[in-house]
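Lettering follows sequence order; numbering is per chain, from 1.
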Amino acid sequence: MRAFFIPFIQDALRSAAIETDKDILIEKPTEKKFGDFSTNIALLLAKELKRSPRDLAAELIGLLSFPAGTVLKCDVAGPGFINFHLDSSFIMRTVRDVMTEGDAFGSSPVGKGQRAIVEYVSANPTGPLTVGRGRGGVLGDCIANLLDTQGYDVQREYYFNDAGRQMQILAESVRYRYLEQCGIAVDFPETHYQGDYIGNIAETLFIEHGNGLASIDNLAIFKETAEGIIFDSIRKTLARLSITHDSFFNEHTLYRAGEGGISPNQAVIEALDAKGFISIYDSATWFLTTKLGQEKDKVLIKSSGDPSYRLPDIAYHVTKFNRGFSLMVNVFGADHIDEYPDVNEALKILGYDTGRIRVAINQFVTTTVGGQTIKMSTRKGNADLLDDLIDDVGADATRLFFIMRSKDSHLNFDVDLAKKQSKDNPVFYLQYAHARVCSLMRMADKEVGFKADSATGQALAILDSEVEIELGSALLDYPDVIQSCLRFLEPQKMVEYLHDVAELYHKFYHECPILKADPEIRTARLELSLCVRQVLRNGFTILGISAPESM
RNA sequence: GUGCCCGUAGCUCAAUGGAUAGAGCAUCAGCCUUCUAAGCUGAGGGUUACUGGUUCGAGUCCAGUCGGGCAUACCA
């Protein structure tokens, strides 16, 4: 609906011979008396034009010409806002778009023909997924869903490394537990993985091989078995949250020679070297970030000859450019915050357009159980497992809790609260509104023969009560909310919005008789209910939560 | 020490530089012979951590102070 105003305001600005590159901001005023929408454009332009904002607003209003039956009146208010009062039947006529566009309501073709990659989760297969990982997983999945609606060809990718030091430690950990199974006393190092799952993997090996592996020094079978089992568990856990990936990118492929006989890692070194940003000293290969004003250079190849994580990270991003993505979204946790700037600098030096990369960093999750905060560490094995959480509170609540807070805020996941399968759980409030419409439709079919499938939305325009207009207007905000979520990479705004829609629907349901109303009104109210259901469904699809037909 | 995030109602958190800072939970008072009460209506609750600055206007931007989290690896 906001987009409706833009061309008319642009026309008025042209008529007034005003040129500006300022964004025309359309807002919903906080108070009803200020109209349905407002713009602050006169306030923004007043200074550079050296004019009084109120005069400017008045002049623009004089030049605005909206089609008949849309905007009832415009006024100047406060310091120079222009407030628009809409014809309520215009709002309700437009609500019909929800019905005609259906699942596509809120979609736009802006990303058509463009490929986007969203990288998320990207946990190395060293252990089961923790609660903390879940947040980034759900965030990434929602962002990918949002991009889907905008016509992008979206690829969901999981980047992992199964060849690093941590995997070595994992393999050793399994071996120690396996030796214990064989009845051999071992001194299990504190530095190794303590979790129960290690013992379970060892047991699997013991069942299959008996003592047969006890004297093998090669860790390969321990590593491979562990990786297989753990990756399987990670995928299963993600699947429970409806998180799936189109591709799993193994970091190790960047070490292997490709076309031209050199590895992607080596290609990065050579390209940076050609730009004068590589130096070898202290037996290591360094990225000369001090030339960029940083305090220290960064190691790309360790003195052992192995690349540090930075080098493959850079090479990995080069592959994203080479694979033809025009938009790259990286989702990761706050602990990786220092990793991105170096990658970004390297890519810039190599001539890539880093403006195509957007980074969504989510802050940590702390879990409280019984009022006690649990600190997470995969290594110590005391982490909250994502699977356990899903067992406790269900997939829908898990997803919603992860994204109902801004990614920039620390998330305090109160497991006791989320465990309550009661009205305290915010997911129920949203789903209940959906179930309520479904129930109403069943009743409407039975009582008055109303068929949801053949509803046209033509009756909507006769609705004129305050709550109906407010509800209709809220439904029309949905496309704007998607845009807002994408601008900030913040699906949390969708949760808030859907809450508002549900609240208005409950209020409408309470205030307005539907099945008992006169036939014409009844049809209109049923149609409005259908539109509410459609918007809720579309929103739930983005959030990845289910839309129950009854509760 | 330095960089990033945060500090808003009793608690958990919202709020593109806009008009009287909003929700949920908790507390209190109402509403089911009527389409799902997992709902609705109302009340109380605030010096937006603090001090300055920028401007028509600051919770939001800038500087500083205090407090919390995360990073500051030849781990990923």
**Study point:** Gap separating the CG atom of A:Leu440 from the CG atom of A:Asp445, nearest 0.5 angstrom
**Key:** 11.0 Å
**Study point:** Residues A:Lys320 and A:Glu157 bridged, charged N to O under 4.0 Å
**Key:** no
Review point. Can B:C25 be described as syn, meaning its chi torsion is within 90° of 0, or is it anti?
Key: anti
Review point. Given the C1' atoms of B:C75 and B:A14, what is the spacing between them in whole Å?
Key: 37 Å
Review point. Among A:Arg537, A:Arg533, A:Arg436, whose salt bridge (charged side-chain N to carboxylate O under 4.0 Å, His left out) with A:Glu549 holds?
Key: A:Arg537
Check your understanding: Looking only at atom C1', what distance separates B:G64 and B:A76, rounded to whole Å?
Key -> 36 Å
Point to revise | Interatomic spacing from CG in A:Leu288 to CG in A:Leu272 - rounded to 0.5 Å | key: 9.5 Å
Exercise for review: Classify the nucleic acid contact of A:Leu43 as base, sugar-phosphate or nothing, counting any heavy atom under 4.0 Å across all strands shown.
Suggested key: base
Practice item. Please measure how far the C1' atom in B:A49 lies from the corresponding atom in B:C66, and state the result in whole Å. Key: 7 Å
Exercise for review: Using a heavy-atom cut-off of under 4.0 Å over every strand shown, decide if A:Ile26 touches base, sugar-phosphate, or nothing.
Suggested key: base
Review point. Counting only side-chain N and O atoms of A:Lys298, is one of them less than 4.0 Å from OP1 or OP2 of B:C74?
Key: no
Review point. Quantified in whole Å, what is the P atom distance between nucleotide B:G46 and nucleotide B:U41?
Key: 23 Å
Practice item. Please state the P separation for the pair B:C5 and B:U27 - nearest whole angstrom. Key: 37 Å
Point to revise | Candidate pair A:His506 and A:Tyr509, rule ring-ring contact (aromatic ring centres under 6.0 Å, His included), full reasoning | key: CA-CA 5 Å; A:His506 290 313; A:Tyr509 186 91; 7.8 Å; no
Practice item. Remember a base hit wins even if backbone is also touched, and classify A:His410 as base, sugar-phosphate or nothing at under 4.0 Å, heavy atoms. Key: base
Practice item. Have a look at A:Cys438 and say if it touches a base, only the backbone sugar-phosphate, or nothing, with a 4.0 Å heavy-atom cut-off. Key: nothing
Exercise for review: Check whether any side-chain nitrogen or oxygen of A:Lys407 sits under 4.0 Å from OP1 or OP2 of B:C13, and answer yes or no.
Suggested key: no
Review point. A:Lys33 side chain N/O closer than 4.0 Å to the phosphate oxygens (OP1, OP2) of B:U20?
Key: no
**Study point:** G-U wobble or Watson-Crick pairing nucleotide for B:G39 (cut-off 3.5 Å, both distances)
**Key:** B:C31
Check your understanding: Using the P atom in both, what is the distance from B:G10 to B:G44, to the nearest Å?
Key -> 15 Å
**Study point:** Whole-Å C1' distance, B:G24 and B:G17
**Key:** 27 Å
Practice item. Report yes or no: is there a donor-acceptor pair, N or O only, under 3.5 Å between the side chain of A:Asn40 and the base of B:G18? Key: yes
Practice item. Just name whichever nucleotide pairs with B:C61, Watson-Crick or G-U, keeping both distances under 3.5 Å, else none. Key: B:G53
Check your understanding: A:Ser484 near the nucleic acid: base, sugar-phosphate alone, or nothing, with a heavy-atom cut-off under 4.0 Å?
Key -> nothing
Exercise for review: Give none if B:A23 has no partner; otherwise give the nucleotide forming a Watson-Crick or G-U wobble pair with it, both distances under 3.5 Å.
Suggested key: B:U12
Review point. Ignoring hydrogens and angles, does a donor from either the side chain of A:Ser308 or the base of B:C74 sit under 3.5 Å from an acceptor on the other?
Key: no
Review point. Does A:Tyr497 place a side-chain N or O at less than 4.0 Å from the phosphate oxygens OP1/OP2 of B:A23?
Key: no
**Study point:** Earlier contact from the 5' end, RNA chain B, for A:Glu251 and A:Thr30
**Key:** A:Thr30
Review point. With a non-hydrogen cut-off below 4.0 angstrom, is A:Met551 in contact with a base, only sugar-phosphate, or nothing?
Key: base
Practice item. Any chance you could measure A:Ser173, atom OG, to A:Tyr193, atom OH, to the nearest 0.5 Å? Key: 7.0 Å
Check your understanding: On the ring face of A:Phe287, is A:Arg310 found with NZ or CZ under 6.0 Å from the centre and within 45° of the axis?
Key -> no
Study note, to complete from the structure: Judged by nearest nucleotide, the residue sitting upstream toward the 5' end of RNA chain B, A:Tyr159 or A:Phe81, is A:Phe81
Check your understanding: So what does A:Ser550 touch, heavy atoms closer than 4.0 Å: a base, only the sugar-phosphate, or nothing?
Key -> base
Exercise for review: Using both distances under 3.5 Å as the test, list the Watson-Crick or G-U wobble partner of B:G1, or none.
Suggested key: B:U72
Practice item. Look at all strands and tell whether A:Gln431 reaches a base, only sugar-phosphate, or nothing, counting heavy atoms closer than 4.0 Å. Key: nothing
Exercise for review: Answer with base, sugar-phosphate or nothing: what part of the nucleic acid does A:Asp306 contact at a heavy-atom distance below 4.0 Å?
Suggested key: nothing
Practice item. With a 3.5 angstrom cut-off on both distances, give the Watson-Crick or G-U wobble partner of B:U47, or none if there isn't one. Key: none
Point to revise | Nucleotide forming a Watson-Crick or wobble pair with B:G67, both distances under 3.5 Å | key: B:C6
Review point. Would you say the side chains of A:Thr285 and A:Lys302 form a donor-acceptor pair under 3.5 Å?
Key: no
Exercise for review: For nucleotides B:C74 and B:U12, find the distance between their C1' atoms and express it as a whole number of Å.
Suggested key: 43 Å
Review point. Within the structure shown, what part of the strands sits under 4.0 Å from A:Ser303 by heavy-atom distance: base, sugar-phosphate, or nothing?
Key: base
Practice item. Tell whether A:Asn83 reaches the base of B:A19 with its side chain through a donor-acceptor pair below 3.5 angstrom. Key: yes
Exercise for review: Using a heavy-atom cut-off of under 4.0 Å over every strand shown, decide if A:His336 touches base, sugar-phosphate, or nothing.
Suggested key: base
Check your understanding: Is there aromatic stacking of A:Phe34 against B:A19, centre distance under 5.5 Å, plane angle under 30°?
Key -> yes
Review point. What is the nucleic acid contact for A:Glu496, judged by heavy atoms within less than 4.0 Å: base, sugar-phosphate only, or nothing?
Key: sugar-phosphate
